[in-house]
Protein chains: 4
Amino acid sequence: MGRKTAIIDTATRLFAEKGFADTATAEIAEKAGVAHGTLFYHFKNKQGILREIFTRSGSAYLEELRKTIAGQKTGMEQIEAALRFNEEYSRDHSQQILIFLRIFPDQLKEESHSPERQFIESIQQEVIAILRKSLDAGISDGTIECGDTEETARVLNSLIFGITHIKLMTRENTPSLTRSATDFCRRALAP
Amino acid sequence: MGRKTAIIDTATRLFAEKGFADTATAEIAEKAGVAHGTLFYHFKNKQGILREIFTRSGSAYLEELRKTIAGQKTGMEQIEAALRFNEEYSRDHSQQILIFLRIFPDQLKEESHSPERQFIESIQQEVIAILRKSLDAGISDGTIECGDTEETARVLNSLIFGITHIKLMTRENTPSLTRSATDFCRRALAP
Amino acid sequence: MGRKTAIIDTATRLFAEKGFADTATAEIAEKAGVAHGTLFYHFKNKQGILREIFTRSGSAYLEELRKTIAGQKTGMEQIEAALRFNEEYSRDHSQQILIFLRIFPDQLKEESHSPERQFIESIQQEVIAILRKSLDAGISDGTIECGDTEETARVLNSLIFGITHIKLMTRENTPSLTRSATDFCRRALAP
Amino acid sequence: MGRKTAIIDTATRLFAEKGFADTATAEIAEKAGVAHGTLFYHFKNKQGILREIFTRSGSAYLEELRKTIAGQKTGMEQIEAALRFNEEYSRDHSQQILIFLRIFPDQLKEESHSPERQFIESIQQEVIAILRKSLDAGISDGTIECGDTEETARVLNSLIFGITHIKLMTRENTPSLTRSATDFCRRALAP
DNA sequence: GATGAATGAGGTTTCATTCAT
DNA sequence: CATGAATGAAACCTCATTCAT
């Protein structure tokens, strides 16, 4: 494994555990087993490391989400799969998700649209678009009935986001929360 | 206005705008119009300022939420009121909410149950308890039908949390999101 | 002697001896007998220390030059006094002069008119103006004869500048250079 | 153009623009279109690059100065030619001259007689010797009258040095300064 | 001859906190 | 009560140089 990979992996872990601001570049280097200066050979600065982690995991999330949904037949099944996927993904990739949750607020201060900020928003939009398509499919195949699909997709996105956040924060084992949310949605979207 | 109040108000604004770690105590002092040393006369340390802001606004949120719900008749109306309340509160007290969203992740690193962490969790529990009572009321008065009320309350809490977070992050004007969410819930809880 | 003064004095010595870039702030602090952080309490940054030294000594030079010249009767005597003054001043305040000579080139890179750059140019203009007045006086009292006084003043300024620079660089004991230059000027300006 | 030449040319430009200390070897390499390591294949270290630039341009200056003077008949014409030459040379080779002006002060700190320092002093001595020979010639051919020619040559050297420095620093277009200086010298040296 | 990844010493600056007044 | 000068640990980052390829 190359040094650059080692740095990214270590940084991912530390950023997730302690947050971006509270992780020292010296610690990343030490734990990654490289010299301090090596960090700045491979990345412009500390922010640059974050940026790379960010972009990589954002794309991965979307890709897997799409693949999961593609495997479902009815629209309703797709929505349910999306909720289940989120449950599993945030369990298996809690570090990446944590970094997102941590970085979110940090981006607020920059009124200027930073690349990270734009990237985050584009992912949100993407998720909403995916959910909407499933809703539309559900209406066509008769498994779903709801008002404006765009609006409904945004509600679902909020719910998913909220569940993920709470799961990671409270660290309770909460697959039951996802199950309950699925029931909730099934009732709300039932024809 | 006393000096201590000036410090708290200024710190609230700055923590909301730039986050806890990125706000220097010297800047708080300067913007509050007091000497740097004065901060440490009134508070044990930087964390102490945050702690005070924290406790104050957490209690205020719960109190107002309870009052709002108490003014509603049916269980369903109470749930709707809770959603509306959240919309208005996060609009009018965005600074306090932002601080919560920012501080949340920072508390994760301390496995040891810090006071802030416990406080946050207790608020979540409180909100869930309030929502559950409304659900129970709704079942009694026939305006709501749902499975386990504890579980449903947790779902509602996640949804509310997600909406708030997204609203503050995207800064889109999204009262429509709350409206759509209300519709969504009405369908899910309808008898 | 206050700490700020100690810092300025130490920095003056070190900047003169080793140059601005090659003097570490940590060394200034140590030699001045203060903590490293104290430097940045009293000055915005390293450049800020230089700026203060700069402004202080520039004004002092001009003031003393004016006083010296004011004590002379004829225009020719004033010019001779200016040369003599320069000799003595650069002997007694070699540190300040050295800093100027060192900083000069550093300012070239900033096309943008930095405060230091403007300050340096204003001093040059001031010296030229002073010399010109003496030349005018000399023409009036019959001790000097020359073409355009503005142009001649600029030549004299160049000569003075060159002598100073060479004296400080070669570190030869060169009062004779000033004496010879005075002779040279006397012949060039004689009626 | 070989890689070594590219390095020297790029370094010359950058040292002139930003100074020796403020030019990073990595930047030289990048701008010269070679790998960073290549610098240290062709030169022992950063200082070595400077040394080469230095030696090359110092010799060139002297050689051309000698040639120019050789083309003049009378001693007075030779002095005038020297001034004119300086004007033109510092216009056409401002980069090399700038490097000299920048490096001069840096050499002061090394009490130990560094090669650069010795080289600079030897050039000064050479220029003085050349001027002296012209003065002697002028006295012989009756176009010049002055005191000790060694001393007078040193004064002329100072003047030339001062003019060059001021021209490069103020970046004013100042051929008139050289013209005025020539007049000044003509009067000082006239029989 | 040439490369570029890797180094680590050293640089400047920030900042929460203390303490004498 | 309140101040602000002073601290020093720790942070991020730069950069000349080396060396295996």
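Convention: sequence-line order gives letters A, B, ...; per-chain numbering from 1. The basis for the numbers below is simple: all heavy atoms, side chains too, and nothing from hydrogens, waters or symmetry mates.
For A/Lys46, the salt bridge (charged side-chain N to carboxylate O under 4.0 Å, His left out) test picks out no residue, with sequence neighbours left out. Residues forming a ring-ring contact (aromatic ring centres under 6.0 Å, His included) with A/His36 (at least two apart in sequence, or on another chain): A/Phe40. Listed by chain and residue number, nothing satisfies the ring-ring contact (aromatic ring centres under 6.0 Å, His included) test with A/His42 (two or more places apart in sequence, or in another chain). The side chain to side chain contact (heavy atoms under 4.5 Å, CB included) search around D/Ser57 returns D/Ile53, D/Gln96, D/Phe100, not counting sequence neighbours. B/Phe43 is linked by a ring-ring contact (aromatic ring centres under 6.0 Å, His included) to nothing, counting only residues two or more places apart in sequence or in another chain. The side chain to side chain contact (heavy atoms under 4.5 Å, CB included) search around B/Thr23 returns B/Leu14, B/Phe15, B/Lys18, B/Ile28, not counting sequence neighbours. Listed by chain and number, the residues in a side chain to side chain contact (heavy atoms under 4.5 Å, CB included) with C/Arg13 are C/Thr10, C/Glu17, C/Lys31, C/Gln95 (sequence neighbours excluded).
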So what's the dot-bracket for DNA chain F: Watson-Crick or G-U pairs under 3.5 Å, [ ] if a pair crosses, | if it pairs off-strand? .||||||||||||||||||||
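With contacts defined as side-chain heavy-atom distances shorter than 4.5 Å, the pair D/Arg3/D/Tyr41 does not qualify.
A straight line from CG of D/Leu39 to C1' of E/dG1 spans 14 Å, rounded to a whole angstrom. When the C1' atom of F/dC12 is taken as reference, atom NE2 of A/His42 falls 18 Å away, rounded to whole Å. For the pair B/Glu30 CD and F/dT3 C1', the interatomic distance rounds to 15 Å; values are reported in whole Å. Going from atom CD1 of A/Ile7 over to atom C1' of E/dT7 covers 12 Å, rounded to whole Å. Here F/dT14 presents its C1' atom at 12 Å from NZ of D/Lys18, a figure rounded to the nearest Å.
Using modelled atom types, no side-chain atom of D/Ser94 and backbone atom of D/Ser90 make a donor-acceptor pair closer than 3.5 Å.
Taking 4.0 angstrom as the limit, D/Arg3 places none of its side-chain polar atoms (N or O) nearer than this to OP1 or OP2 of E/dG1.
Position along DNA chain F of the nearest nucleotide to B/Thr38 versus C/Ala35 favours B/Thr38 as the more 5'-ward residue. Comparing D/Gly33 and A/Lys4 along DNA chain E, the residue whose closest nucleotide (by nearest heavy atom) sits nearer the 5' end is D/Gly33.
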Summary of protein contacts for nucleotides 11-21 of chain E, nucleotide by nucleotide, where a base hit scores B, a sugar-phosphate-only hit scores S (4.0 Å, heavy atoms): SBBB-BBB---
